[in-house]
Participant: 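Sending over a structure as structure tokens; questions will come in a sec.
Side chains are part of it too, since the values below use all heavy atoms of this structure and drop only hydrogens, waters and symmetry mates. So you know, we letter chains A, B, ... as the sequences are listed, proteins then strands, and number each from 1.
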There are 2 protein chains.
Amino acid sequence: MRDNKRQEATCEQELNAIRDSLEVLGGKWKLRIMRHLNNHINETNTFKKIQRGIEDISAKMLSKELQDLEINLLVSRTVMNTKPITVRYAITAYGQSVFPVTESLVNWGLNHRQKIKQKD
Amino acid sequence: MRDNKRQEATCEQELNAIRDSLEVLGGKWKLRIMRHLNNHINETNTFKKIQRGIEDISAKMLSKELQDLEINLLVSRTVMNTKPITVRYAITAYGQSVFPVTESLVNWGLNHRQKIKQKD
DNA sequence: GTTATCGGTTAACTAATGGTAACTAGTAAC
DNA sequence: GTTACTAGTTACCATTAGTTAACCGATAAC
């Protein structure tokens, strides 16, 4: 794998790659959760603490999104040996690799809003 | 506007900017259409030609997506004075600005697929 | 034994996205 | 007048995404 032969993907492969990215990062909550974990990276982020920290997210959505993020290696889940048990979630080093990607989306989005404003 | 004070957006503003970007570029067809128009930039891209060029897209979806793209200034629409009338769609110069953004999504998606493969 | 906290799950709903097929109007060839 | 091509629109349906509210077992405080 080290001798990577990338950067000559076909059109279809590129569209698939974008679909993959948006599946992993898209939706209403995933990036909010990632950012929250990154902003509180030195704290013990338990399920309830995260839920209280992210406005309006329901237990169901938080549970489901954390599972998805864990499957994709972006977030780690550690059951702590406490009573009552607590579960600690943390963004992984790999998880932090999403921020440079989203930065370009942020910049394009900010610029686009200006552009559309000028239309009126 | 020229003295742009950007790049110090709050967390919430950044999430909104990402939402904006994904609203404009997301979904099943928008980027396919953009790429198609970009790949056939020297041709006259009529509605029917585009529909034949993009596999499985229905008239309804193509019509709706082209309208969205036009509203967002990414695609231009020109009614030609022919009989029967034809309508020419083209990607705008501004529309081409999306490709650098999607490139980072492509790269992350390709890399992520490798990463997940290694898990098994 | 009642109440509260932990980390969730379950069922039932609504909203958004996209697909299918039929249909429109205008023009032209046969 | 029937067929075909232009550029779409309309109505209906299925799937997905997300919301709401109730519930679960375990543990601990009162």
Participant: Does a side-chain N or O of A:Lys28 approach OP1 or OP2 of C:dA16 to a distance below 4.0 Å, or not?
Facilitator: no
Participant: To 10°, what angle do the rotation axes through the five end pairs on each side of the helix from C:dG1-D:dC30 to C:dC30-D:dG1 form?
Facilitator: 30°
Participant: Is the backbone of A:Trp108 close enough, under 3.5 Å, to the side chain of B:Ser21 for a donor and an acceptor to pair up by distance?
Facilitator: no
Participant: Under 4.0 Å between a side-chain N/O of B:Ser63 and OP1 or OP2 of D:dT9, yes or no?
Facilitator: yes
Participant: Hey, does B:Ile50 have a side-chain heavy atom less than 4.5 Å from the side chain of B:Leu37?
Facilitator: yes
Participant: I need the CD1-P distance between A:Ile50 and C:dC6, as an integer number of Å.
Facilitator: 12 Å
Participant: In whole angstrom, give the distance that lies between atom CE of A:Met80 and atom C1' of D:dT27.
Facilitator: 17 Å
Participant: Under 3.5 Å, side chain of B:Asn45 to main-chain N/O of B:His40, donor-acceptor pair present?
Facilitator: yes
Participant: Output yes when at least one side-chain N/O atom of A:Gln51 is less than 4.0 Å from OP1 or OP2 of C:dG7, else no.
Facilitator: no
Participant: Indicate whether the side chain of B:Thr86 and that of B:Thr46 have a donor and an acceptor atom separated by less than 3.5 Å.
Facilitator: no
Participant: Ignoring backbone atoms, test whether A:Arg77 places a side-chain nitrogen or oxygen under 4.0 Å from the OP1 or OP2 oxygen of C:dG8.
Facilitator: yes
Participant: Select base, sugar-phosphate, or nothing to describe what B:Glu65 touches, counting heavy atoms under 4.0 Å on all strands.
Facilitator: nothing
Participant: Less than 4.0 angstrom between a side-chain N/O of B:Gln67 and OP1 or OP2 of D:dA7, yes or no?
Facilitator: no
Participant: Pairs under 3.5 angstrom only: tabulate donor-acceptor contacts from the side chains of residues 69-77 of chain B to other protein residues two or more places apart or in another chain.
Facilitator:
{"unit_1": "B:Asn72", "atom_1": "OD1", "unit_2": "A:His112", "atom_2": "NE2", "d": "3.0"}
{"unit_1": "B:Asn72", "atom_1": "ND2", "unit_2": "B:Asp68", "atom_2": "O", "d": "3.1"}
{"unit_1": "B:Ser76", "atom_1": "OG", "unit_2": "B:Ala90", "atom_2": "O", "d": "3.4"}
{"unit_1": "B:Arg77", "atom_1": "NE", "unit_2": "B:Tyr89", "atom_2": "OH", "d": "3.3"}

Participant: For the backbone of B:Gly95 and the side chain of B:Thr92, can you confirm whether one donor and one acceptor N or O come within less than 3.5 Å of each other?
Facilitator: yes
Participant: Pick base, sugar-phosphate or nothing for B:Thr86, based on heavy-atom distances below 4.0 Å to the nucleic acid.
Facilitator: sugar-phosphate
Participant: Indicate, with a heavy-atom threshold strictly under 4.0 Å, whether A:Lys48 touches base, sugar-phosphate, or nothing.
Facilitator: base
Participant: Regarding B:Met61, tell me which of base, sugar-phosphate or nothing describes its non-hydrogen contacts under 4.0 Å with the strands shown.
Facilitator: sugar-phosphate
Participant: Under 4.0 angstrom, heavy atoms only, what part of the nucleic acid is A:Arg52 near: base, sugar-phosphate, or nothing?
Facilitator: sugar-phosphate
Participant: Mind calculating the distance between CD1 (B:Ile57) and C1' (D:dG8) to the nearest angstrom?
Facilitator: 13 Å
Participant: Can you tell me which nucleotide in D:dG18, C:dG18, D:dG8 comes closest to the side chain of B:Phe47?
Facilitator: D:dG8
Participant: How many whole angstroms separate atom CG of A:Asn45 from atom C1' of C:dG8?
Facilitator: 17 Å
Participant: Once you apply a heavy-atom cut-off of 4.0 Å, does A:Thr46 come out as touching a base, just sugar-phosphate, or nothing?
Facilitator: sugar-phosphate
Participant: Does a side-chain N-to-carboxylate-O contact under 4.0 Å join A:Glu12 and B:Arg32?
Facilitator: yes
Participant: Which whole-number value in Å describes the distance from A:Ile33 CD1 to C:dG8 P?
Facilitator: 12 Å
Participant: With nearest nucleotides of DNA chain D determined for A:Gly27 and B:Val87 from heavy-atom distances, which residue corresponds to the more 5′ nucleotide?
Facilitator: B:Val87
Participant: Could you give the NZ-to-C1' distance, from A:Lys60 to D:dT16, as a whole number of Å?
Facilitator: 11 Å
Participant: Could you tell me the separation between the CZ atom of A:Arg19 and the P atom of C:dT17, rounded to a whole number of Å?
Facilitator: 18 Å
Participant: Nearest whole angstrom, please: distance from the P of C:dG18 to the CG of A:Leu22.
Facilitator: 12 Å
Participant: Looking only at side chains, do B:Asn38 and B:Arg35 share a donor and an acceptor under 3.5 Å apart?
Facilitator: no
